[in-house]
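Accompanying notes for the structure given below.
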Protein chains: 4
Amino acid sequence: MKQKRPKYMQIIDAAVEVIAENGYHQSQVSKIAKQAGVADGTIYLYFKNKEDILISLFKEKMGQFIERMEEDIKDKETAKEKLALVISKHFSLLADDHNLAIVTQLELRQSNLELRQKINEILKGYLTILEGILTEGIQSGELKDGLDVRLARQMIFGTIDETVTTWVMNDQKYDIAALSDSVLELLVSGIHNK
Amino acid sequence: MKQKRPKYMQIIDAAVEVIAENGYHQSQVSKIAKQAGVADGTIYLYFKNKEDILISLFKEKMGQFIERMEEDIKDKETAKEKLALVISKHFSLLADDHNLAIVTQLELRQSNLELRQKINEILKGYLTILEGILTEGIQSGELKDGLDVRLARQMIFGTIDETVTTWVMNDQKYDIAALSDSVLELLVSGIHNK
Amino acid sequence: MKQKRPKYMQIIDAAVEVIAENGYHQSQVSKIAKQAGVADGTIYLYFKNKEDILISLFKEKMGQFIERMEEDIKDKETAKEKLALVISKHFSLLADDHNLAIVTQLELRQSNLELRQKINEILKGYLTILEGILTEGIQSGELKDGLDVRLARQMIFGTIDETVTTWVMNDQKYDIAALSDSVLELLVSGIHNK
Amino acid sequence: MKQKRPKYMQIIDAAVEVIAENGYHQSQVSKIAKQAGVADGTIYLYFKNKEDILISLFKEKMGQFIERMEEDIKDKETAKEKLALVISKHFSLLADDHNLAIVTQLELRQSNLELRQKINEILKGYLTILEGILTEGIQSGELKDGLDVRLARQMIFGTIDETVTTWVMNDQKYDIAALSDSVLELLVSGIHNK
DNA sequence: AATGAATGAGTGTTCATTCAT
DNA sequence: TATGAATGAACACTCATTCAT
C-alpha cells in the first residue's frame, strides 16, 4: 500500500535528514519539501500538517521497530535473553541510522507537549513489551519475586534512553552497540558486588 | 550579592510559576514580568535575555540542590547509603515543589538544543557526585570490580529521571518519595532473582 | 449548444448550491466539482477559470430572467403596470429559489471588484428595461415631466435590491412577494400624504 | 482620549488611503503599516486584528457621522426637511472624501459576511434615524397614513446607497451633492405625475 | 533603577490551475 | 472528453528586545 505512495516515505526521509542537519526549529516545511524534491503543497496531500509529519516519522520508524521486536523476542527463552535482544536491537537501530538517532533523541524532544504526548502513545507499545518480559520473568521465578514491574520498566527504559542520549550528545563517537552486554548486566545484577 | 537584588529571585520565581501554569511556549517575557510585578524592560536589567532567565532558574534551583547534596553525602559511609540519600533528596526536592517538577521535567525540555546543553553543564555537577560515589564504592570493594562507571552513572541518572518524569506525566498522583527504597534496591541489586 | 453540454448547467447548479451552503470564500473549485459529480479538471473544460463560473452563473440565471422580462412587459399598457410586473417578477424569482437569493444578494457581492463590474454589465440589460419604462411613461404623460430618468432608475433598482437584501439577511422569514404592491405604491407616489 | 492615541487615527487614515488605492484584497497589513509610518507590529497595539482595523474604520467615519446627524435633524421641523438634511449630509460626506467613498461603497463590501454583518450593526443607528423621521411624519400627518415604515426606510436607504454607488463606479465624475433635491423629491412624491 | 511603547523578522497552509495519462 | 495528483505563490500575526523618558 505504501509502496504505492512513494512520496509518503520520501517526505518522511527528507524530514529526518533536514531535522538532523538543521535542528528542529530550523526545519521549515519548505525546506523539507525541497529536500524531498516535491512542492510545498504536495506535503499536504500526504500529511495533515507539519506536526503530522513528525508523528508519522516517529510512527514509521519506531512503530515498525516495536512490531518487529515483538516477533523477535518470542524466540527467546529467558527474560534475560529477551532483554538482551531488546537492548541490542535498540542500540543497533540507532547506531545504524545516525540521523534518526539525532532526531529521536535530541530534536523531537523540543516539540511541544502535545506532540510529545502523541509520541509517548507510540512508545507505549515498547513499554508494554518490557512489562511483558518482566511479568513473565517473575512468574517463571527468574526475576525477583515482588519486583515492582513499573519501576523496573522505568529503570530499563530510562537507562537505555539515557545511554543513547549521552552517546548522541557525544557525537556518537564510540560504538554504542558494544555496550549492550554491560548495560544488560547492570540492569540484571545491579551495581553491588556479589 | 544576590540578596541585594530581591527582584532577581522574584523574576525567577515568577518564571517557574508562569511556565508551570502556561507551558514553555506560552510563557512570554511579558507574562513573566507581569507575574513578577515588574515592567518588561526591567527583566533585562537582571537577565541578558530570555534564555538567561531559564538557565538562571535551573542554576538557582538545581545548583544549590547539588551543592547541599555534596555536603550531605559526606556524612554517609557506604556507597549504598550515599546513593539512598541522593535518590530520596532528588525525589523529595521535586515532590515538595510541584511547579518546579513540571518545569524541569517537562517544560524546560522543549527549549532549543543550545539551552539544553547549558542545562547539561549545570547537571554535570550532579553526575560528578554520582561518579564519585561509584568510584569510591568500587575502591572499597562495595561495588563490583570492573564496573563501567559512566554506564552505571547513566543507569542511575536515567532511572531517577525516568521515574520522576513518569510521575509528573501522571499528574504527580502518587507519592514518589515512597519509591526511594525500591528504586535504590533495583539499582543496587538489579532485577534478577538471587 | 449548451443543451449538448449538460455538464455546463450541472456545474453552475452545483456552484449555486455550494456557495449558498458554504459561503463565497468557502466554495473552492474542488467542492463545486465534487457537488457536480465531476473531476476538478473537468471544470476547466467548460469554464475559463473560477471567476468564469460565477459570471456564467449570474448570466444564466439573471440573463434569461431579464430576457423573459422584456417579453412580458410588452403586454402591459401603463408604466405603472409594467413596473408592477418587474417588481413582482423580481421578488418571486428570488422567493422561489432561496439558494439563488443568498448567492446573488450576499455571497456574490464578496467577489472582487473586477467580477462585480462584469456582473454590472449583465445587470445593464435590467437597468435598460427600467429606463425604457420610465422614458415611455414620461412621453405618455403618465410620469412626471422632467423626471431624471437615471435617478429614478437608481431609486427603483436601489429600493428593490435593498428590500430583497434585507429579506435575505432576515433569513427570508417573511413573504417578500406579498410586498410587491406596497413597494410599487411607494415608488410611484412617494411617502408624502396626498 | 483619542487625541492621546494619535497612531490610532493615523492607522485608520492610512487604511482608507491604502484600500482606496490598492483595493480591498491588495491591502496587506504591512502596506497599511508602511503608509501609516509605523511598524507592522504597532498595528496590533491598537487593533485586535486586520478585521478590527476595518470595523474601527467604519465605526470612526460613519459612527460619528450618524451621531452628528442625530443632533442636526433636531433643528428641523418637518419630515421632509429632516430627510433633505440626511440626504445632503450623506452625499456631501462622501463627496468630500473621495477615498472614503471608494472604501465604503466598493471595497468594504468585498469583505466576508461576518465583517459585513458587523458593519450592518453600525449602520443600524442610521436606519433608526430614518425610521424615527418616518414615524414622526406619519403621526404629524405629513406622511401617508398606513405607510410601511420598514419598506419606506428600505426605499430611502436603498435609493441613497444606489445613487452613491453608481456615482463612485462612474469615477465620481459628476457633482452628487447637486442631486440631493431631486432625490428628495423622488422619495417624497414618487415618479407619478400629479 | 524602572518603565512600556515601539519594533520587525519569520512561516505554516490554502487552493486555483495545469497536464500527463 | 475526463481525470486528479501536483504545483507554488502569498500573508497575518507574535514576541524578544530596545531605548527615550
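Only this structure's heavy atoms are used, side chains among them; waters, hydrogens and symmetry mates stay out. In what follows, chains carry the letters A, B, and so on, assigned in the order in which the sequence lines appear, proteins first and then strands, with residues in each chain numbered from 1.
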**OP:** Just compare F:dA12, F:dT7, E:dT7 and give me whichever is closest to any side-chain atom of A:L45.
**Re:** F:dT7

**OP:** Apply the test side-chain contact (heavy atoms from CB on, under 4.5 Å) to residues A:L113 and B:E107: give CA-CA distance (whole Å), side-chain angles for both, the deciding distance (0.1 Å), then the verdict.
**Re:** CA-CA 8 Å; A:L113 213 46; B:E107 302 298 343; 3.5 Å; yes

Subject >> From E:dT13, E:dT3, F:dC11, nucleotide with atom closest to A:N49 side chain >> reply: E:dT13

**OP:** Ignoring backbone atoms, test whether C:K50 places a side-chain nitrogen or oxygen under 4.0 Å from the OP1 or OP2 oxygen of E:dT17.
**Re:** no

**OP:** Look at the side chain of D:Q28 and decide which nucleotide, out of F:dC11, F:dC15, E:dT13, has an atom nearest to it.
**Re:** F:dC11

Original post:
Given atom CG of D:D52 and atom P of F:dC13, what is their separation to the nearest angstrom?
Top reply: 10 Å

Subject >> Closest to side chain of A:Y44, choosing from E:dT14, E:dG8, F:dC11 >> reply: E:dT14

Original post:
Starting at CD1 of B:I53 and ending at C1' of F:dC15, how long is that distance when rounded to a whole Å?
Top reply: 13 Å

Original post:
Under 4.0 Å between a side-chain N or O of B:K7 and OP1 or OP2 of E:dA2?
Top reply: yes

Subject >> Worked verdict on A:K31 versus A:K34 for side-chain contact (heavy atoms from CB on, under 4.5 Å) >> reply: CA-CA 5 Å; A:K31 220 176 250 173; A:K34 198 171 187 180; 5.7 Å; no

Subject >> Per A:D40 side chain, nearest of listed nucleotides F:dG4, F:dA6, F:dA9 >> reply: F:dA9

Subject >> E:dT3 phosphate, OP1 or OP2, under 4.0 Å from B:T42 side-chain N/O >> reply: yes

Subject >> Proximity to the side chain of A:Y46 - top-ranked nucleotide from F:dA6, F:dA16, F:dA12 >> reply: F:dA6

